[in-house]
Amino acid sequence: QLQLVESGGGLVQPGGSLRLSCAASGFTLDYYVIGWFRQAPGKEREGVSCISRSGGSTNYADAVKGRFTISRDNAKNTVYLQMNSLKPEDTAVYYCAATRYVSTCRTGGMDYWGKGTLVTVSS
């Protein structure tokens with residue numbers, strides 16, 4: 001009954017932008033630290049960004065710093081990932097996931113996962 005649902009993926013040209021959403025149902029999202037992860041074909045799943053329960057603390061993978069911004073609206077039970085200046089190497093399935101602690105916001109430490117949304121960056 002606890003679900004995370006990603007949306008907002010699609011096809012975008014290099015240099016373009018997309019905004020991904022992660023909506024929670026069955027639980028209150030503000031109980032959890034939320035992370036975004038991605039997996040490109042043939043590659044391991046990697047962390048993209050994490051945001052604390054209140055939204056006061058964030059972190060980003062080096063590959064996306066300065067281009068991506070994570071935010072949350074707890075009243076809407078939703079977390080967002082704004083992706084700007086997209087590059088072909090950003091092409092991947094993007095997943096959101098929930099954990100209770102910032103220290104466990106990593107690929108192997110999440111308690112709940114969404115099913116992913118595909119982002120394709122290509123001209």
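Start at 1 with the first residue, then count along the sequence. Everything numeric here is computed off the predicted structure, so don't read it as measured data.
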Looking only at heavy atoms, which two atoms of [X] and [Y] are closest? And how far apart?
X: Ser17; Y: Ser85; value: OG-N, 4.3 Å
X: Leu29; Y: Ala24; value: CD1-CB, 3.7 Å
X: Ser52; Y: Gly56; value: OG-N, 3.2 Å

Rounded to the nearest 0.5 Å, how far apart are [atom1] of [X] and [atom2] of [Y]?
X: Arg100; Y: Tyr31; atom1: CZ; atom2: OH; result: 8.5 Å
X: Gln82; Y: Leu20; atom1: CD; atom2: CG; result: 8.5 Å
X: Arg19; Y: Met83; atom1: CZ; atom2: CE; result: 11.5 Å
X: Ile34; Y: Ile51; atom1: CD1; atom2: CD1; result: 9.0 Å

Would you say [X]'s side chain and [Y]'s backbone share a donor-acceptor pair under 3.5 angstrom?
X: Arg72; Y: Gly55; result: no
X: Thr91; Y: Val121; result: yes
X: Ser49; Y: Asn59; result: yes
X: Tyr80; Y: Thr69; result: no
X: Asp73; Y: Thr78; result: no
X: Thr104; Y: Thr99; result: no

Residues joined to Val93 in its hydrophobic cluster, side chain to side chain under 4.5 Å directly or through other members, sorted by chain and number, are Phe37, Tyr95, Met110, Trp113, Leu118
task = Show your reasoning for whether side chain to side chain contact (heavy atoms under 4.5 Å, CB included) applies to Leu86 and Phe68.
result = CA-CA 9 Å; Leu86 283 162; Phe68 291 11; 3.8 Å; yes
Note to self: Within a 6.0 Å radius of atom CD on Glu44, are there more than 12 heavy atoms belonging to other residues, nucleotides or ligands?
What the structure shows: no
For Tyr112, the ring pair (Phe, Tyr, Trp, His ring centres under 6.0 Å) test, sequence neighbours excluded, returns Phe27, Tyr32
Report task. Please determine if Arg38 and Glu46 form a salt bridge, counting it only when a charged side-chain N lies under 4.0 Å from a carboxylate O. Result -> yes
Checklist entry - Going by an N to O cut-off under 4.0 Å, is there a salt bridge joining Asp90 and Lys87? => result no
Point to revise | Minimum side-chain heavy-atom gap Leu11-Ser122 below 4.5 Å | key: yes
Are [Y] and [X] connected into the same hydrophobic cluster when the rule is that any two of I, L, V, M, F, W, Y join if their side-chain heavy atoms are below 4.5 Å apart?
X: Leu4; Y: Leu81; result: yes
X: Val102; Y: Ile70; result: no
X: Val33; Y: Val64; result: no

Residue pairs meeting disulfide (SG to SG under 2.5 Å), one or both in residues 22-59, sequence neighbours left out, come to Cys22-Cys96, Cys50-Cys105
>> For a side chain to side chain contact (heavy atoms under 4.5 Å, CB included) check, start with the C-alpha distance between Glu6 and Trp36, then their side-chain angles and the critical distance, and finish with the verdict.
In response: CA-CA 10 Å; Glu6 304 94 336; Trp36 284 97; 3.9 Å; yes
